[in-house]
4 protein chains.
Amino acid sequence: MEFKDNKPIYLQIVDLCFHKVLKREWKEEERVPSVRELAVSLEVNPNTVMRSYDYLQSEDIIYSKRGMGYFARQGAYEQTLELQRKSFYETDLLEFFNKMNLLNISVKDIVAAYNKQSK
Amino acid sequence: MEFKDNKPIYLQIVDLCFHKVLKREWKEEERVPSVRELAVSLEVNPNTVMRSYDYLQSEDIIYSKRGMGYFARQGAYEQTLELQRKSFYETDLLEFFNKMNLLNISVKDIVAAYNKQSK
Amino acid sequence: MEFKDNKPIYLQIVDLCFHKVLKREWKEEERVPSVRELAVSLEVNPNTVMRSYDYLQSEDIIYSKRGMGYFARQGAYEQTLELQRKSFYETDLLEFFNKMNLLNISVKDIVAAYNKQSK
Amino acid sequence: MEFKDNKPIYLQIVDLCFHKVLKREWKEEERVPSVRELAVSLEVNPNTVMRSYDYLQSEDIIYSKRGMGYFARQGAYEQTLELQRKSFYETDLLEFFNKMNLLNISVKDIVAAYNKQSK
DNA sequence: GTGGTCTAGACCACC
DNA sequence: GTGGTCTAGACCACA
């Protein structure tokens with residue numbers, strides 16, 4: 001997989017995992033790929049994936065069972081959605097509006113662009 | 001001034017300068033604050049401001065006159081606006097829409113949030 | 001049964017066995033649960049229990065009769081008590097006192113806490 | 001420095017840092033040793049110290065300023081004391097009492113041992 | 001100089 | 001097989 005280089009790889013992997021959870025590809029209480037598996041498939045070092053999983057664990061999205069692997073937590077979907085929404089509304093959106101104002105772009109323009117791309 | 005942690009300070013200063021230009025606080029062909037002045041008022045290391053000015057220079061927003069300081073270029077406003085709009089439409093907006101879809105947030109929600117904040 | 005995360009499961013099982021011996025639930029020269037039985041009741045892998053039993057055997061607390069299972073040794077109680085007391089006085093207690101000093105906790109506080117919990 | 005091997009080195013370093021804070025060797029809002037410095041003096045890999053500092057950062061004991069190093073937080077002392085006391089009372093102490101009961105050791109014995117060692 | 005990220009490779013305990 | 005820790009060494013961005 002390809003990674004951007006303006007953001008740490010391990011955080012991009014975290015985003016990817018969020019995506020999996022939100023798309024229900026990672027189901028609650030089920031096993032997720034092992035560190036090594038994911039490392040191979042993403043073509044990164046296992047340590048890097050480990051770091052992502054550490055992060056996800058600290059956010060209560062996954063947990064580890066010794067010698068057995070990592071599992072998605074009960075409530076992982078809700079937890080992820082809430083987390084992401086919060087950061088969206090509290091950070092992304094405000095910056096977005098600021099930039100709109102600064103560049104003299106109206107809501108109408110945004111809506112137009114949205115309709116265009118979703119066609 | 002307070003800076004965020006997730007973005008290099010020198011780029012946050014660049015953003016701030018863009019802001020000044022777009023708000024016409026930095027007028028074309030007029031002198032802008034010296035590296036030292038800006039460093040003092042922002043409470044950062046002069047090297048950091050230097051780096052921001054280097055960047056702005058490479059983007060043709062400002063230029064230096066030896067011994068006299070930095071000046072906003074003729075056409076700085078247009079240049080900045082175009083630059084920012086381009087990155088807005090080609091990058092920010094697409095990411096924004098992707099995130100909206102992922103988090104199940106509709107355009108309506110965005111418009112509502114916009115109207116609410118601009119009150 | 002629930003296990004803690006900061007200590008290997010097999011050692012937690014060992015502790016549990018010590019407990020049984022000291023509480024006279026495992027009587028000397030009598031049969032103790034088979035590896036499989038214990039594994040089922042604790043909901044762990046038989047290998048894990050096997051490892052605990054190996055450990056107990058190496059400490060002369062239990063022994064195996066081929067085809068008949070495991071038995072508590074003659075003298076298991078004394079052996080366990082001595083073992084545990086030794087490690088308690090030589091290791092646990094010193095660390096405990098160090099931590100008390102560091103956190104400015106007096107013996108009085110400890111005694112108070114003890115009386116409170118034993119009510 | 002010597003480390004035990006029943007506990008990850010990075011956590012032993014964390015304990016050491018707690019100790020520094022509680023002994024007022026690390027003063028609030030002052031710089032603490034850089035990752036590399038501490039790594040050299042403890043004879044461990046910088047990554048390992050980094051990990052300890054990450055942990056301390058997540059516990060709000062220290063924070064980093066880019067390119068400038070790590071600093072003890074305002075309130076680090078209180079924060080550390082509270083953290084340690086909490087884990088002491090909620091975990092260490094209970095286990096300690098359990099073991100005492102199991103091994104038939106009385107509070108008197110503990111007090112005696114304490115007086116003896118503090119002479 | 002500082003923190004921070006990443007890789008490669010090793011070793012261990014655990015299940 | 002799994003997670004977890006550690007080392008060595010490299011490279012980058014930042015101040």
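Below, chains carry the letters A, B, ... as their sequence lines are ordered, and counting in each starts from 1.
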Any base atoms under 4.0 Å from D:Gln57, or only sugar-phosphate, or nothing? Heavy atoms, all strands.
nothing

Give A:Glu37 one of three labels, base, sugar-phosphate or nothing, depending on what nucleic acid heavy atoms sit under 4.0 Å from its own.
sugar-phosphate

Side-chain (C:Arg85) to main-chain (D:Leu103) donor-acceptor, under 3.5 angstrom:
yes

Please tell me if [X] has a side-chain N or O lying less than 4.0 Å from either OP1 or OP2 of [N].
{"X": "A:Arg66", "N": "E:dC15", "value": "yes"}
{"X": "C:Arg51", "N": "E:dC15", "value": "no"}
{"X": "A:Arg36", "N": "F:dG1", "value": "no"}
{"X": "D:Tyr10", "N": "F:dC6", "value": "no"}
{"X": "D:Ser64", "N": "E:dG4", "value": "yes"}
{"X": "A:Thr48", "N": "E:dT7", "value": "yes"}

Provide, to the nearest angstrom, the distance between the [atom1] atom belonging to [X] and the [atom2] atom belonging to [N].
{"X": "D:Tyr63", "N": "E:dG3", "atom1": "OH", "atom2": "P", "result": "13 Å"}
{"X": "B:Tyr55", "N": "F:dA13", "atom1": "OH", "atom2": "P", "result": "13 Å"}
{"X": "A:Leu56", "N": "F:dG3", "atom1": "CG", "atom2": "P", "result": "13 Å"}
{"X": "A:Arg31", "N": "E:dC15", "atom1": "CZ", "atom2": "C1'", "result": "12 Å"}
{"X": "A:Lys7", "N": "F:dA13", "atom1": "NZ", "atom2": "P", "result": "18 Å"}
{"X": "D:Asn6", "N": "F:dT5", "atom1": "CG", "atom2": "P", "result": "13 Å"}

Parallel, tilted or perpendicular: rings of D:Phe71 and D:Tyr63 (30°, 60°)
parallel

Could you tell me how the ring of C:Tyr10 sits relative to the ring of C:Tyr55: parallel (under 30°), tilted (30 to 60°) or perpendicular (over 60°)?
perpendicular

For D:Gly69 and A:Leu11, take the nucleotide of DNA chain E holding the closest heavy atom to each; which residue's nucleotide lies nearer the 5' end?
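In this pair, the answer is D:Gly69.
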
5' precedence on DNA chain E between A:Met68 and D:Asp54 (nearest-nucleotide basis):
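Going by which nucleotide is closer to the 5' end, it is D:Asp54.
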
Let me know, please, whether D:Glu43 or B:Ile9 comes out on the 5' side of the other along DNA chain F by nearest nucleotide.
D:Glu43

Assign each of D:Pro46 and B:Asn47 to its nearest nucleotide of DNA chain F by heavy atoms, then name whichever residue's nucleotide is nearer the 5' end.
D:Pro46

Tell me whether C:Glu82 at atom CD has more than 12 heavy atoms from other residues, nucleotides or ligands lying less than 6.0 Å away.
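Count not over threshold, so no.
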
Please evaluate the base of E:dG9 for a donor-acceptor partner in the side chain of A:Asn45 within a cut-off of under 3.5 Å?
no

Should C:Phe96 and D:Phe96 be marked as a ring-ring contact (aromatic ring centres under 6.0 Å, His included) after you check the CA-CA gap, both sets of side-chain angles, and the distance that decides it?
CA-CA 9 Å; C:Phe96 187 79; D:Phe96 187 78; 3.7 Å; yes

